[in-house]
Amino acid sequence: MVASRAIGSLSRFTASRTLRCSGYICRSFTRSSALLTRTHINYGVRGDVAVIRINSPNSKVNTLSQELHSEFMEVMNEVWSSSQIRSAVLISTKPGCFIAGADLNMLNSCTTSQEVTQISQEAQKMFEKLEKSTKPVVAAINGSCLGGGLELAISCQYRIATKDKKTVLGSPEVLLGILPGAGATQRLPKMVGIPAAFDMMLTGRGIRADRAKKMGLVDQLVEPLGPGVKPPEERTIEYLEEVAITFAKGLADKKITPKRDKGLVEKLTSYALSIPFVRQQIYKKVEEKVRKQTKGLYPAPLKIIDVVKTGIEQGSNAGYLSESQTFGELAMTKESKALMGLYRGQTQCKKNKFGAPQKEVKQLAVLGAGLMGAGIAQVSVDKGLQTILKDTTLPALGRGQQQVFKGLNDKVKKKTLTSFERDAMFSNLIGQLDYRGFEKADMVIEAVFEDLNLKHRVLKEAEAVIPDHCVFASNTSALPIGEIATVSKRPEKVIGMHYFSPVDKMQLLEIITTEKTSKDTTASAVDVGLRQGKVIIVVKDGPGFYTTRCLTPMMSEVIRILQEGVGPKKLDSLTTSFGFPVGAATLVDEVGVDVAKHVAENLGKEFGERFAGGSLEMLQQMISKGFLGRKSGKGFYIYQEGVKNKNLNSDMDSILASLKMPSQPDVSSDEDIQYRLVTRFVNEAILCLQEGVLATPTEGDIGAVFGLGFPPCLGGPFHFVDLYGAQKIVDRLRKYEAAYGKQFTPCQLLVDHANNPNKKFYQ
Amino acid sequence: MNQNFRMISLLTYTLKNLPNTSKWALRFCMRPLSSSSQLQAAAASQTKSKKTLAKPNIRNIVVVDGVRTPFLLSGTSYKDLMPHDLARAALSGLLHRTSVPKDVVDYIIFGTVIQEVKTSNVAREAALGAGFSDKTPAHTVTMACISSNQAMTTAVGLIASGQCDVVVAGGVELMSDIPIRHSRKMRKMMLDLNKAKTLAQRLSIISKFRLNFLSPELPAVSEFSTSETMGHSADRLAAAFAISREEQDEYALRSHSLAKKAQDEGLLSDVVPFKVPGRDTVTQDNGIRPSSLDQMAKLKPAFIKPYGTVTAANSSFLTDGASAVLIMAEEKALAMGYKPKAYLRDFMYVSQDPKDQLLLGPTYATPKVLEKAGLTMNDIDVFEFHEAFSGQILANLKAMDSDWFAQNYMGRKAKVGLPPLEKFNNWGGSLSLGHPFGATGCRLVMAAANRLRKEGGQYGLVAACAAGGQVFSICFTCVTDKTSYL
């Protein structure tokens, strides 16, 4: 689960930043002679305060690149040597971004851990010099202040941040499989305390400005400004700078002290942490928790704990050394490469490669107010999209409306929304039982029950009222879109939008295009998906599309493994210890046994023997006994409201016993069981690429990880093949093929990769 | 100053709930009487002969006169009164000043912001207590700091539509006492207890009692929609327009100095003395305190700490007070032998973003109401703007002087233009005279009308912003030719 949570937070720092290009024009002030040679930094002096403004050219964000690094050092040396200057302000003039982190390309271009360690040590030295500066430096933070950006900021003597939603501070390195390599492992614990520092570095979570102030991560807040006589963003940065300058002066004059008053609780905590025994307990506790959550699959979190511990127990010199060396080691791990690959993929899948649609969708209509329909409505209304939610009965509609309200209200409880914002968002939702207003809809997304006849009926009903330009999207997990479109008068406007449940939590949206779907329709669907905050893959129509198709053979294997006598609990633990966020048996319960059977039957018909394996009879018997999974309260497990630890459903024993088949000992070790599941998944994914269902390996990886919970530490099926070697996987498949037959025959593309070690999905 | 400061902090929270009237610039255009041909001739003969702003087929509506109680700092002489006591004082004063026969009054409307729950229709309670006929209906309106403007324009509507001929409009606010409630949980428990029939039921309800039920619920300090206090918003607004602390202090000093001068010269003729039961008679406003810039510079920021610019000295303070005006159809006033002070002409309510432009309304409303009246900034002889905060007034002036703002936020080709400062709030404003939320609107209108008479001008313009991002603005013309009434 930690993996999925970790990946969840990935989304936060990659969330598309629609930054306007730097509009902030520097006011005239005394400029240093070297100004013209610098590209990233603009530096000037106001009175006795040096103002250092960062704005990397041709980029939406500032990143700590080597160039920026050296320009900054140059400027700081001037500051330190000038007798006129007594203090400095460090600010970014790029709207919405202070420094978003280190330049990842810089790390990726390193081939050895020594190179990475060296980068880390250079940064450490620079920041140490900054920390020891006798002239106070104030970091004025507006926008994202992440990774290396945060490390820079906490090396300054004082921090002032705008209380803007875009201002987020954090150390997300762990999500990329590395650690903060420029001193944060040493400085953060001193600044915010050991527990909070661990929390920041181990979860990578972004911290909003007001919370950062409470934690002691920043010293002052500045409210963003509204319109004045120039654009608000521009004036806000200017105002931040003005405020920072007054504080810089105050610090130089010793009128302000950078130390803040600690509250009683904080004092007590820091006292407790001065006792070695207490510290040891904390390390132990945190380590245990990390081990439990990562199952040892992610090396970075444990290393972070080590490095922090070294710094505290053996002094900063040892700490810094350990930090830079571990940083180098981690950057070379497969896990880190997989996670960085995912990060890049995610960034790519947050772009609309189909261009802007001719007509932006302003009015959305969702058919069916069930779990999916209401979820789709929720992620639409909270982005300001006018949405009609239609169902056929008042109680069903009411449940859907309540689900949307609850989703929004939960955010109010978490204080990420105000009740007023919730109300304003909720007013974007119109619940109704008829097709009134559909004549103004720009897009209809149907999320009715998975039944082809029903889908045909609602399509025809909708097409009778919707305007010509309106897109009709079908949310289905397995019904081919082409078949749904057969009854359409305008198949070029029909498309598949496969959301994942729960819609407000799962990031993936799989968009399915048929041969007839027009490019503009696709552009429109991608645009809506992006506005809903989704990571998007676009695949070709076919049975099961991409995600369901990959999952089904794996599910078939799950049933066989159960039939072979491996218990659901054991199976769950084997899959989660491989890195899946949810165990395989639990997944069947979550998806719903009836749905699983429905899909398995349909796809089984299409793909024949390759999808065979376990007997569908098991699912049939479960259905007949009413064990539909979580939704019916019983499946492999028993589900009760408020009970956290789920127990096995003992009534399953007889079903399992009746369908028991002999296991084959040479392919039934724990590892074999794991690989039987994973290789079937991976083989099918690669076949999807081979057949052109997938356009790129990136989309395959993103779809598998964000939609199906493929282990993030493996980076998705394609990264997995690249990093672990196609040959090894083919060998595994051949072995299982010998035992079970065609279900394990490796596809041609995979065999090609195995035959040519230079062939990689990612170059 | 200390007291002032306390006031401010109190203000911050009370303001939250209150509709701020200052956003509505009410423009009453009072021109020489246009209704009778006689008068038109008179108007034509005037040196400043201008349009009358009369509209065909719409009755001319006049302000006969208006009064107010002295505006006092909250917690001073009015502190033991209830709001309707103050409102009564204003009504009695109006009766006395105008000698209007009580049975002529068709309707009474009052504005108020923080409602005393016992007298939620404070207009009715005050009217009955002031000896008005119990046959005269009365209602209460609320619209933050422009509540009494709303009362006046409601009266205008009643008269213009022919429903009434004579309406008393006014406003009242008593910030010395505010309704502090039990917490919702406590209220719920008390209500449940009321319904409980058996001892067992009662005990089971009481057993759910927790100590935190006792924490009281104060009237909200901040804007409901944004959770931001008005002072905080004003500080951000001042920063957005790059208005310095010094500029704000200077403007506040101007307001206090001008108010002091006006008070000393007896120009604040709308004030009527009020014998407070059990205390001395109050004869004048007590919040006017011209200080020095040095003194003001010593104050700490009240909202954005420690570096903000809005302080107790450059904000309006919590005030108790009430005001009332007598509004009539022109022909009725003339028939009764009155010499009205002003015609109420075009008015307009405007609203905008309650977050970043909470107090920027006058900038929006002023050009609109001028256009509606067919006037330009140059035609206006008297400006009365509600001064919620120095920074807010200065921000509005900067916005009105900015082409960029006009083009990007108002959809105008060019800037609104600056009102000349020599015509602007010449007798002080809310910063110095005080700002009883519900009562300020009538004070602004009467100040403009009285200034027009005194200074010999013809057109007046009032603008006031209010919580919720709303504004009132009115144009009015003065009845300058006194002889025409004779």
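Quick note on labels: first sequence line is chain A, next is B, and so on, each numbered from 1.
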| message | Quick check on B:Arg187: does its CZ atom have over 12 non-hydrogen neighbours (other residues, nucleotides or ligands) under 6.0 Å away? | response | yes
| Which answer fits A:Val243, side chain, backbone, both or neither, if we ask what part of it has an atom under 4.5 Å from a heavy atom of chain B? | side chain
| request: Against chain B, label A:Gln220 side chain, backbone, both or neither, depending on which of its atoms sit under 4.5 Å from a heavy atom there. | output: side chain
| request: Please indicate whether A:Lys383 has more than 12 foreign heavy atoms, meaning atoms of other residues, nucleotides or ligands, lying under 6.0 Å from its NZ. | output: yes
| task | Sort out for me which of A:Ala424, A:Gly226, A:Pro227 touches chain B most, counting heavy-atom pairs under 4.5 Å. | result | A:Pro227
| Distance (rounded to the nearest 0.5 Å) between A:Ile160 CD1 and B:Tyr307 OH | 7.5 Å
| query | In terms of heavy-atom contacts, does NZ of B:Lys423 have more than 12 from other residues, nucleotides or ligands at under 6.0 Å? | reply | yes
| request: Name the region of B:Ala406, side chain, backbone, both or neither, that has any atom closer than 4.5 Å to a heavy atom of chain A. | output: neither
| remark: Cut-off 4.5 Å, heavy atoms of chain A, and the answer for B:Ala239 is both
| task | Heavy atoms only, distances under 4.5 angstrom: which of A:Val222, A:Leu221, A:Val229 has the most pairs with chain B? Name it, please. | result | A:Val229
| request: Can you see which heavy atom on A:Gly228 is nearest to which on B:Trp404, and at what distance? | output: O-CZ3, 3.4 Å
